[in-house]
Amino acid sequence: MSLARIFSRAQVGINAPEVMVEVHLGNGLPAFHIVGLPEASVKEAKDRVRSALENSQFGFPDQRITVNLAPADLPKDGGRFDLAIAVGILVASGQIVCPDIHKYEFYGELALNGEIRAVNAILPSVLGAKEQNRCCFLPLENDSLASLVSGVKRKAVSSIQEVWGDLLNQQPLPLNITYPDCTQAPDFLLDLSDVKGQPGAKRVLEIAAAGGHNLLFLGPPGTGKSMLAQRMSTIMPTMSDDEAIDTAALYSIIGPLNRFNQLASATISKSSSHLLCRCAGRRFV
């Protein structure tokens, strides 16, 4: 077939709206066009996709290739559509024959050698795929974070060749890789008992933590504002699973959580007011 429709997701704030990647191979001089309000990083996907397919021993169609990212009025940015575009070209050119392609979603940025790199905001995308009951093909680096969402079907991939082998049932990938459970309460280095005196301020922290109220710290330097704020997280109540997932989704929008290894502030864990993400068994802000 010369037309393929592949599902992916964009990033708009904390949401991940569905994007249909339509790929058409037509007659005419060889060309590669991407339409659908793509930003510069998306337009550059045509060079990454071409090199990735050729270096992965796939044939690149010598035809007029048109890629439409629908809906057309939704801005698209980043490299998250690379994998979906590449799969669409392989399906449209007949190199992948998969009648159930509509049951999958694809996210991932392609390297020039065909490897698949991590993308931002993976949790909102996975949550959206779960609502549509679709299986996700996502980068291996993102899979441990995506595993925090229960009930979603995931396949972690590290190259475009692995996607090809799975869709053709030649080398099926494992579904829903499990990771060590690291959701125990963290060992805090700070404690509210470190604060000497200030019974009124500590009482306000306890009330705000118990009731979920906002706090505004005012005062001259050296009065203990930062010290109190740093210890606020150690007395906050336990998050529900949904609250913990929403919190992790916000951090996943900033970037892959392994970027936060260098930060030495509070951890995110499912106990207390935090979510401990199961990425290499480490804790992240």
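No experiment lies behind these values; they were computed from the predicted model shown.
Leu29 belongs to no hydrophobic cluster with other residues, because no ILVMFWY side-chain heavy atom falls under 4.5 Å from its own, directly or through intermediates. Taking Ile, Leu, Val, Met, Phe, Trp and Tyr as members and joining any whose side-chain heavy atoms lie under 4.5 Å apart, directly or through other members, Val35 forms no hydrophobic cluster with any other residue. Here Val97 sits alone; no ILVMFWY side chain lies under 4.5 Å from its own, so it joins no hydrophobic cluster. Cluster partners of Phe7 are Met20, counting Ile, Leu, Val, Met, Phe, Trp and Tyr whose side-chain heavy atoms approach within less than 4.5 Å, directly or via other members.
At a threshold of 4.5 Å between non-hydrogen side-chain atoms, the residues Asn133 and Lys153 count as touching. Within the 4.5 Å cutoff, side-chain heavy atoms of Cys136 are placed close to those of Val152. Under the 4.5 Å side-chain criterion, counting only non-hydrogen atoms from C-beta, Val67 is not in contact with His33. Proximity of Phe60 to Asp62: side-chain heavy atoms (C-beta onward) are nowhere separated by under 4.5 Å. Ile6 has its side chain out of reach of Val23: every pair of non-hydrogen atoms, C-beta onward, lies at least 4.5 Å apart. Contact check for Val163 versus Ile116: side-chain heavy atoms found under the 4.5 Å cut-off.
No path of Ile, Leu, Val, Met, Phe, Trp and Tyr side chains, each step under 4.5 Å between heavy atoms, connects Leu53 with Leu112, placing them in separate hydrophobic clusters. Follow the hydrophobic side-chain contacts under 4.5 Å out from Val204 and you reach Leu228 in the same cluster. Leu168 and Phe58 end up in the same hydrophobic cluster when Ile, Leu, Val, Met, Phe, Trp and Tyr side chains are linked at under 4.5 Å. Hydrophobic cluster membership is shared by Ile101 and Val49, with clusters built from Ile, Leu, Val, Met, Phe, Trp and Tyr side chains linked at under 4.5 angstrom. Hydrophobic clustering keeps Leu175 apart from Val157 (ILVMFWY residues linked when any side-chain heavy atoms are closer than 4.5 Å, directly or through intermediates).
Nearest heavy-atom pair, Lys130 versus Ser150, reported as atom, atom and distance to 0.1 Å: NZ-O, 2.7 Å. Taking each heavy atom of Asn142 and Val119 in turn, the nearest pair found is OD1-N, 3.0 Å. For Ala146 against Leu123, the heavy-atom pair with the smallest separation is CA-CD2, 4.1 Å. The shortest non-hydrogen separation linking Cys135 to Lys155 is SG-CG, 3.9 Å. Counting all heavy atoms, side chain and backbone alike, Ala129 lies closest to Tyr107 at CB-OH, 3.5 Å. The shortest heavy-atom contact between Pro61 and Ser93 is CG-CB, 3.9 Å.
Evaluation of the side-chain hydrogen bond (donor to acceptor under 3.5 Å, both in side chains) rule for Glu44 yields no partner, not counting sequence neighbours. Glu162 meets the side-chain hydrogen bond (donor to acceptor under 3.5 Å, both in side chains) test with Ser158; sequence neighbours excluded. For Ser8, there are no side-chain hydrogen bond (donor to acceptor under 3.5 Å, both in side chains) partners, not counting sequence neighbours. Residues that satisfy the side-chain hydrogen bond (donor to acceptor under 3.5 Å, both in side chains) test with Glu243, not counting sequence neighbours, are Ser240. Every residue two or more places apart in sequence or in another chain that forms a ring pair (Phe, Tyr, Trp, His ring centres under 6.0 Å) with Phe137 is listed here: Tyr104, Phe106. With sequence neighbours left out, Arg231 forms a salt bridge (charged side-chain N to carboxylate O under 4.0 Å, His left out) with Asp194. Taking the salt bridge (charged side-chain N to carboxylate O under 4.0 Å, His left out) definition, one finds that Glu22 meets it with Arg5, sequence neighbours left out.
Summarising the local packing, CG of Leu250 is surrounded by more than 12 heavy atoms from other residues, nucleotides or ligands at distances under 6.0 Å. Atom CD of Gln171 is surrounded by 12 or fewer heavy atoms from other residues, nucleotides or ligands within 6.0 Å. Within a 6.0 Å sphere centred on CG of Asn27, other residues, nucleotides and ligands contribute 12 heavy atoms or fewer.
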Side-chain donor-acceptor pairs of residues 80-87 under 3.5 Å, sequence neighbours excluded:
residue : atom : partner : partner atom : Å
Arg80   : NE   : Arg9    : O            : 2.7
Arg80   : NH1  : Asn120  : O            : 2.8
Arg80   : NH2  : Ser125  : OG           : 2.7
Asp82   : OD1  : Arg48   : NH2          : 3.1
Asp82   : OD2  : Arg48   : NE           : 2.6
Asp82   : OD2  : Arg48   : NH2          : 3.3
Asp82   : OD2  : Leu110  : N            : 3.2

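Remark: Asp246 CG to Ile14 CD1 distance equals 7.5 Å, nearest 0.5 Å. With values rounded to the nearest 0.5 angstrom, Lys225 atom NZ is found 13.5 Å from Leu215 atom CG.
In summary, the side chains of Ser41 and Glu39 do not present any donor paired with an acceptor at a separation below 3.5 Å, with no hydrogens or angles considered.
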Using the salt bridge (charged side-chain N to carboxylate O under 4.0 Å, His left out) rule, take Arg154 and Glu105 through it: C-alpha gap first, then chi angles, then the decisive distance, then the call.
-> CA-CA 10 Å; Arg154 320 176 325 271; Glu105 292 189 6; over 6 Å; no
